[in-house]
Amino acid sequence: QVQLVESGGGSVQAGASLRLSCSASGRTLSSGGMGWFRQAPGKEREFVATITGSGARTNYADSVKGRFTISRDNAKNTVYLQMNNLKPEDTAVYYCTARVGYGSAVYQYEYDYWGQGTQVTVSS
């Protein structure tokens, strides 16, 4: 089994930056794709970003492209989400997710493990 624990969420003003971290324990996922999703109040969970096992390839939702950066440190079994120029519409619970498969993925059903989520609140 794999446990994913997110950290780094908080409340910030619009324009600020936050870096989310997701530490994986249990089975090593250095070869598996990982991603971030988010869920705003009253809305469905949506894709944010994904990264391949090696970290060589990434993919982003259009709404965060150019502002968010996903990265990973396989030696630490950790994935990051650097969020810059935050907007009120970025307010959501952010979930880290991991898959056994190597490639990146944009659909929830493609992932095997999920964290509990961390709250990000952006005020105007």
Side-chain angles (χ1 to χ4, degrees):
Q1 278 295 335
V2 173
Q3 293 79 43
L4 302 175
V5 179
E6 302 97 336
S7 61
S11 297
V12 297
Q13 298 248 326
S17 298
L18 282 174
R19 188 177 81 154
L20 304 183
S21 299
C22 172
S23 296
S25 61
R27 177 180 169 183
T28 300
L29 290 174
S30 59
S31 61
M34 297 188 74
W36 290 92
F37 285 73
R38 67 185 181 186
Q39 188 167 19
K43 295 188 177 181
E44 294 186 355
R45 191 177 300 185
E46 64 175 5
F47 165 75
V48 175
T50 182
I51 189 167
T52 55
S54 67
R57 298 178 69 178
T58 58
N59 192 13
Y60 299 91
D62 288 343
S63 59
V64 307
K65 205 170 289 184
R67 299 188 298 122
F68 290 12
T69 302
I70 187 171
S71 61
R72 65 190 296 165
D73 184 338
N74 285 343
K76 297 181 178 179
N77 236 16
T78 300
V79 65
Y80 305 96
L81 186 67
Q82 177 67 43
M83 305 186 295
N84 298 329
N85 190 23
L86 283 161
K87 303 176 180 180
E89 52 263 42
D90 295 319
T91 295
V93 177
Y94 283 71
Y95 297 91
C96 173
T97 186
R99 62 194 303 261
V100 175
Y102 177 82
S104 58
V106 301
Y107 297 106
Q108 297 183 55
Y109 71 83
E110 296 180 281
Y111 288 90
D112 302 290
Y113 306 101
W114 292 83
Q116 293 299 307
T118 185
Q119 177 71 46
V120 172
T121 303
V122 185
S123 58
S124 59

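Here the structure is a predicted model, which is why all the values come from computation and not from measurement.
- By the side-chain hydrogen bond (donor to acceptor under 3.5 Å, both in side chains) test, S71 is found to be paired with no residue, residues two or more places apart in sequence or in another chain being considered.
- Remark: R67 engages D90 in a salt bridge (charged side-chain N to carboxylate O under 4.0 Å, His left out) (not counting sequence neighbours).
- Linking Ile, Leu, Val, Met, Phe, Trp and Tyr residues whenever their side-chain heavy atoms come within less than 4.5 Å leaves L4 and Y80 in two separate clusters.
- A disulfide (SG to SG under 2.5 Å) check over residues 61-90, counting only residues at least two apart or in different chains, returns nothing.
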For this session: Check the pair T91 / V120 against side-chain contact (heavy atoms from CB on, under 4.5 Å), numbers first and verdict last.
Result: CA-CA 5 Å; T91 295; V120 172; 5.9 Å; no
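- Annotation for Y107: hydrophobic cluster partners, listed by chain and number, are F37, F47, V93, Y95, V106, Y109, Y111, W114 (ILVMFWY side-chain heavy atoms under 4.5 Å, direct or chained).
- Scanning for side-chain hydrogen bond (donor to acceptor under 3.5 Å, both in side chains) contacts around T97 gives an empty result, with sequence neighbours left out.
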For this session: Test R57 against N59 for side-chain hydrogen bond (donor to acceptor under 3.5 Å, both in side chains), laying out the working first.
Result: CA-CA 7 Å; R57 298 178 69 178; N59 192 13; over 6 Å; no
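- Between M34 and C22, the closest heavy-atom pair is CE-SG, 4.4 Å.
- Residues that satisfy the salt bridge (charged side-chain N to carboxylate O under 4.0 Å, His left out) test with E89, not counting sequence neighbours, are absent from this structure.
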For this session: Evaluate the criterion side-chain contact (heavy atoms from CB on, under 4.5 Å) for residue pair T69 and Y60; output intermediate values, then yes/no.
Result: CA-CA 8 Å; T69 302; Y60 299 91; 3.8 Å; yes
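- Residues passing the ring pair (Phe, Tyr, Trp, His ring centres under 6.0 Å) test with F68: none are found, sequence neighbours excluded.
- Partners of T121 according to the side-chain hydrogen bond (donor to acceptor under 3.5 Å, both in side chains) rule, which considers only residues two or more places apart in sequence or in another chain, are Q119.
- Pairs passing the side-chain hydrogen bond (donor to acceptor under 3.5 Å, both in side chains) check and including a residue from residues 5-23, sequence neighbours excluded, read S17-N84.
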For this session: Please lay out, stage by stage, how T50 and W36 fare under the test side-chain contact (heavy atoms from CB on, under 4.5 Å).
Result: CA-CA 6 Å; T50 182; W36 290 92; over 6 Å; no
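- With hydrogens and angles ignored, the 3.5 Å screen pairs a side-chain donor or acceptor of R99 with a backbone N or O of G103.
- Considering only residues two or more places apart in sequence or on other chains, K43 meets the salt bridge (charged side-chain N to carboxylate O under 4.0 Å, His left out) condition with none of them.
- Atom OG1 of T52 sits about 7.0 Å away from atom CZ of R72, to the nearest 0.5 Å.
- Taking every heavy atom of both residues into account, P88 and S123 meet most closely at CG-C, 4.4 Å.
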Exercise. Checking side-chain contact (heavy atoms from CB on, under 4.5 Å) for the pair Y113/C96: CA distance, chi angles, key distance, verdict?
Worked result: CA-CA 8 Å; Y113 306 101; C96 173; over 6 Å; no
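- For the residue pair G9 and L20, the shortest heavy atom distance occurs at N-CD2, 3.6 Å.
- Of the possible polar contacts, one joining the N77 side chain to the A24 backbone as a donor-acceptor pair under 3.5 Å is found.
- A 6.0 Å sphere centred on CD of Q116 holds no more than 12 heavy atoms belonging to other residues, nucleotides or ligands.
- Sorted by first and then second residue, the disulfide (SG to SG under 2.5 Å) pairs involving residues 65-95 (not counting sequence neighbours) form an empty list.
- In this structure, V79 and I51 approach most closely via the heavy-atom pair CG2-CG2, 4.3 Å.
- T78 contributes a side-chain N or O that, together with a main-chain N or O of K76, makes up a donor-acceptor pair within less than 3.5 Å.
- Between A105 and E110 the shortest heavy-atom distance is CB-OE1, 3.3 Å.
- Among residues two or more places apart in sequence or in another chain, the side-chain hydrogen bond (donor to acceptor under 3.5 Å, both in side chains) test is passed with Y94 by R38.
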